[in-house]
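This report concerns only the one structure given below.
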Amino acid sequence: MSGALAAAATTTSTGEAVQFWVLGTVAVIGALGTILMRKAVHSALCLAGTMIVLAVFYLANGAYFLGVVQIVVYTGAIMMLFLFVVMLVGVTAADSLKETLKGQRWLAALCGLGFGILLAAGIGNASLTTWNGLGQANSGGNVEGLAALVFTKYVFAFEITGALLITAAVGAMVLTHRERIERARSQREQSEARVRTGRNVPPLPAPGVYARHNAVDIPGLLPDGTTSELTVNATLRGRGQIRDVSGEALAELAALEQRSERWLGRKPKGEDGKGANGTPANGTSANDAGNGANGNDAKRNDANADGKGVDERSEDAEHHKGVAT
Amino acid sequence: MENLIGLLVAVPLFGAALLLCGGRRLDGKGPYIGTVLAAASFGIGAVLFADMLGRGEHDRALHSTVFSWIPVGGFRADVAFQLDQLSMTFVLLITGVGTLIHIYSIGYMAHDERRRRFFGYLNLFLAAMLLLVLADNYLLLYVGWEGVGLASYLLIGFWQHKPSAATAAKKAFIVNRVGDVGLSIAIMLMFTTFGSFAFAPVLAEADRAGEGKLTAIGLMLLLAACGKSAQVPLQSWLGDAMEGPTPVSALIHAATMVTAGVYLITRSGAIFNAAPDAQTAVVTVGAVTLLFGAIVGCAKDDIKKALAGSTMSQIGYMILAAGLGPIGYVFAIMHLVTHGFFKAGLFLGAGSVMHSMNDEVDMRKYGGLRRYMPITFVTFGLGYLAIIGFPGLSGFWSKDKIIEAAFAKGGTEGWILGGAALLGAAITAYYMTRVMLLTFFGEKRWVPDENGNEPHPHESPGSMTFPMIVLAFGSVLAGGLFSLNDAFVKWLEPVTGHSHGHSPLSAAAVTGGTVVVLVIGVALAWAQYGRQPVPRTAPRGSLLTRAARRDLLQDDFNHVVLVQPGQYLTRGLVYVDHKLVDGVVNGTAASVGGLSGRLRKLQNGYARTYAVSMFGGTAVLIAATLLMRAV
Amino acid sequence: MSPVYYLYLAALLFTIGAAGVLIRRNAIILFMCVELMLNACNLAFVAFSRLHGNLDGQIIAFFTMVVAAAEVVVGLAIIVTVFRSRHSASVDDASLMKL
């Protein structure tokens, strides 16, 4: 690489050429991934990849300091900041790629194509024949060279960027800061307020039908089989990240019961006669069980908790065993 | 002495400001303040007059530059006064008669709530009129000219609660405006021709300008004079102006303001002397008006309107005289002064009669007043004798000279003008005798007014009779004094110049003719109104009488010739405005609105759409850069 | 290979980033695309630095990074604030400018 730097020629070494074509492809793919992935997390990761490739290119072009800064600051700090915000906003929320603005995509494509072609034409037109190379400039060390420039020729710009950064930091704080305008209510006050209004006097019901998945985003079921949004965390509700799996859960439950019957080789609900494929009957019991587990209805809970609740868990365990087998 | 000239104008102006801005505190004292200030102005005038008499006759003019008004580059207009014999004559007439009428108004307006304002307007008028006659340039004269117009407007419409008074004021103002346009054009022409407004350079160089230009200036000045002096064709406002209080009619619309036209023509004599065509126009206007006014005066039953017709007619004499050139200028001014005395006296007498007759103006409802109002009767009678030209009285001396000068014009023109003047004298005798007989002689024809109050004629208070007596003296003596040893001619000659024309008739013949027509006129009136009882309601009368009652159809003429075409033009313009101009404007607005409605869709509020346009713009910029490089 | 290809790559990345700004609605991804564009510029600067044989281009790229960092900090803070009040990070939802 140092040879390539030293050479003030119009061509580079073969090694650099190979590196360029390989990593350049990666960079373009990463860039395309950034703009085409539906989930913001994936986009951020693609962008991080592109940035690392660019860091390599900086190094290849003799900008050692920048290459390191690119990795440490950009990829390490800024992209992580992005990820942090993405998590805050909702990691699983996938954007619809369907365009809502009429003609926007066509116009964007047209402008992009035209812009790219024109830019390429401009570069092609430019007479970039002599490449001086950085051998001379980097002779005293890249960092030392940069430092010499930053603290002499560009010292004012440097100072101003310092002011800019401070302003940005303060600005971010001001923007995100929320003034608490009233005292936080204590737990006692909250419970008193609940009793006074008569709504949700006991603690809110827990989410999830079964302790499967990360059940926190699955709402509990009401006695009639509909979901209760009250069981899901308000933030998830706000993001619209509630997974409505009640129908799926019911079907799975029916299938599970069926399988466990078959596994055990017994017909405990022979009286029903339709234990094997009697979805309605089993469904009902599953529904009851679900509600019981949710603790949504105190009476049901009392009546069924002992029997069904235990039953359920054993079935679940058996199911896992079955799957494992 | 020069400084006193400015003071002459400043004193009444100060009075006007004081009275108009002074507020209610001055309500009681206002009339006296106004009168004292007018009298002070007269006193200053008298001092200046005495001073002037003390100097040689070619050394009498005084100049006083108060300040430089509009100094812009080479252009220069000064507030500067010139007091020569002509101005002096006017100053004495204006302040003298003005003071008398102020005194008269104290009594006449005693019961009017707004009399402070009235005296303020009167003082304003005095100031403006003095400015008019004292100005040493046409621009300042124009200021005074507009000032008297304003004062006239305010005073005619003084009883603005009467719609007729408000309308009359507007009419007077608008008709005067036509004349004022003439004056302003004349002044502009003067400036382009002579490069100055001042009398001295303009009049001194008048001969050198082309005759065509002088004729144009002269005709414009004549238009101005017609407007201010109520001459045909701008005569229509004077009759209606009688809606104002009678002292106003006496001062402004008889003695002073309406004679401003005569002053203007006399002052601009050098221009008219060099423009014979303009002079012909002037004498034509004068001759036509003197007959017009006289005929109107014969038919009016309203005493003030009859006198207004008479005023018009007498000013016609003056204009005629002024149009005759150097022969006539002196006599025009002389008649102006004597007319100022006797016509003011007649109006004050009329006011006195109205005052005692519950403001009744119809002469057919007077009759036999001589026993009830002896002083008014005597002073009015002396004024009457003066105006008809009774030998020895003021009117005789001045009018006789005008008729003589008219004959002296020579040729057919001279005969026509002289004949018209003589005929006018006969008609004057007729209508004034009619006024006299209807008012003071015959049986009582009094009727109660609309409130049912029977009139109780009585002599007016001393403040009203005193001015009438003074003016009666003037009516009797002024003409004789002026003519004694040709005093007035010698007095004015240095300013106006004077020449003796050659009359085809001898002076004695003219005087004899005048006396003869006078007797005929009086006799006719006696036959019609003295010998037989006068009906309370006017008989239908001949076609001419009916036309004369309608001011010889002047308003109808104006309506048909000026107002209606104007209205048609306006309607047409309104139509064009609505259809064409509004169409274009609305069409533009609608198309802009429509276009905006479409363009607004570009502004859909989505940041990404704006980003596309920015990006597209960048692409275009790059393309342009590359293109410029390639070229 | 001529180093001019670095410039072509920078142009390509820049165009891709710009297209991303135009077609994506998620404000966070929009910001990532802006970062991509800035990085493409930086690549071009570094390549120019090599072309001219001095370090001024690298200095500019360095400043670009600083400014980008400041921009990201403020931009993300804005996004968080907007999300907090609107429960959405879509730039199309913030369209109050239209009538």
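Chain letters run A, B, ... following the sequence lines, proteins first, then strands; residues in each count from 1.
Using a 4.5 Å heavy-atom threshold, the side chains of C/Val34 and C/Glu71 count as touching. Inter-residue side-chain proximity for C/Leu55 and A/Asn138 is flagged as met; some heavy-atom pair is nearer than 4.5 Å.
Between chain A and the options C/Ile59, C/Val46, C/Leu13, the largest number of non-hydrogen pairs under 4.5 Å is found for C/Ile59. Counting heavy-atom pairs closer than 4.5 Å to chain A, the top-ranked of the candidates C/Val72, C/Val74, C/Val80, C/Leu76 is C/Leu76. Across A/Ala31, A/Gly112, A/Cys46, A/Ala109, the residue that shares the most heavy-atom pairs under 4.5 angstrom with chain C is A/Ala31. Counting heavy-atom pairs closer than 4.5 Å to chain C, the top residue among A/Gly171, A/Cys111, A/Gly24, A/Ala44 is A/Ala44. Across C/Val67, C/Ile28, C/Ile23, the residue that shares the most heavy-atom pairs under 4.5 angstrom with chain A is C/Ile28. Ranked by heavy-atom pairs under 4.5 Å with chain A, the first of C/Phe63, C/Phe14, C/Phe62 is C/Phe63. Of the listed residues (C/Leu12, C/Leu30, C/Asn42), the greatest number of heavy-atom pairs within a distance under 4.5 Å of chain A belongs to C/Asn42. With chain C as partner, the option from A/Ala148, A/Ala169, A/Ala137 having the largest number of non-hydrogen pairs under 4.5 angstrom is A/Ala137. The candidate from A/Ala27, A/Gly122, A/Ala120 with the greatest count of non-hydrogen atom pairs under 4.5 Å with chain C is A/Ala120. By number of non-hydrogen pairs under 4.5 angstrom with chain A, the leading residue of C/Thr15, C/Leu51, C/Val66 is C/Leu51. In terms of non-hydrogen atom pairs under 4.5 Å with chain C, the most contact-rich of A/Val85, A/Leu113, A/Thr167 is A/Val85.
Heavy-atom distances place the side chain of A/Thr50, and not its backbone, under 4.5 Å from chain C. The part of C/Ile29 that comes within reach of chain A is its side chain, from C-beta onward, which places non-hydrogen atoms under 4.5 angstrom from that chain. When heavy atoms are compared at a cutoff of 4.5 Å, C/Leu9 approaches chain A solely by way of its side chain, counted from C-beta outward. For a residue to count as touching a neighbouring chain, one of its non-hydrogen atoms must lie under 4.5 Å from one of that chain's; by this rule A/Ala157 touches chain C with backbone and side chain alike. For A/Leu32, the parts lying near chain C are the backbone and the side chain together; criterion is any non-hydrogen pair under 4.5 Å. Heavy-atom distances place both the backbone and the side chain of C/Phe31 under 4.5 Å from chain A. Residue C/Ala11 touches chain A through both its backbone and its side chain, counting heavy-atom pairs closer than 4.5 Å. In this structure, chain C has a heavy atom under 4.5 Å from the side chain of A/Phe20, while its backbone stays farther away. Contact annotation for A/Tyr74: only side-chain heavy atoms (C-beta onward) come within less than 4.5 Å of a heavy atom of chain C. When heavy atoms are compared at a cutoff of 4.5 Å, A/Val150 approaches chain C by way of both its backbone and its side chain. At a 4.5 Å heavy-atom cutoff, the contact between A/Met51 and chain C is made by side-chain atoms alone.
Judged by distance alone, with hydrogens and angles left aside, the side-chain atoms of C/Thr81 form a donor-acceptor pair with the main-chain N or O of C/Ala77 at under 3.5 Å.
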Please assess A/Leu149 against C/Asn54 for the test side-chain contact (heavy atoms from CB on, under 4.5 Å), listing each intermediate value before the final yes or no. CA-CA 10 Å; A/Leu149 275 177; C/Asn54 59 33; over 6 Å; no

Checking side-chain contact (heavy atoms from CB on, under 4.5 Å) for the pair C/Arg84/A/Arg178: CA distance, chi angles, key distance, verdict? CA-CA 11 Å; C/Arg84 213 186 262 159; A/Arg178 261 194 297 193; 3.2 Å; yes

Please report the C-alpha distance between C/Asp56 and A/Tyr154 in whole Å, then the side-chain angles of each, then the deciding distance to 0.1 Å, and finally whether the side-chain contact (heavy atoms from CB on, under 4.5 Å) criterion is met. CA-CA 9 Å; C/Asp56 292 50; A/Tyr154 294 99; 2.7 Å; yes

Please assess A/Gln19 against A/Val56 for the test side-chain contact (heavy atoms from CB on, under 4.5 Å), listing each intermediate value before the final yes or no. CA-CA 9 Å; A/Gln19 183 204 40; A/Val56 174; 3.3 Å; yes

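Side chain to side chain, A/Tyr58 and C/Gln58 fail the donor-acceptor criterion of an N or O pair below 3.5 Å. Side-chain atoms of C/Asn39 and A/Gln70 include a donor-acceptor pair closer than 3.5 Å.
Taking the six-membered ring where tryptophan is involved, the planes of A/Phe151 and A/Phe158 are perpendicular, since the angle between them exceeds 60° and thus also 30°.
Expressed to the nearest 0.5 Å, how far CD of A/Glu16 lies from OH of C/Tyr6 amounts to 3.5 Å. To the nearest 0.5 Å, atoms NE2 (A/His177) and CZ (A/Arg180) are separated by 10.5 Å.
Shown here for C/Asn26 and A/Ala40, the closest heavy-atom pair between the two residues is ND2-CB, 4.1 Å.
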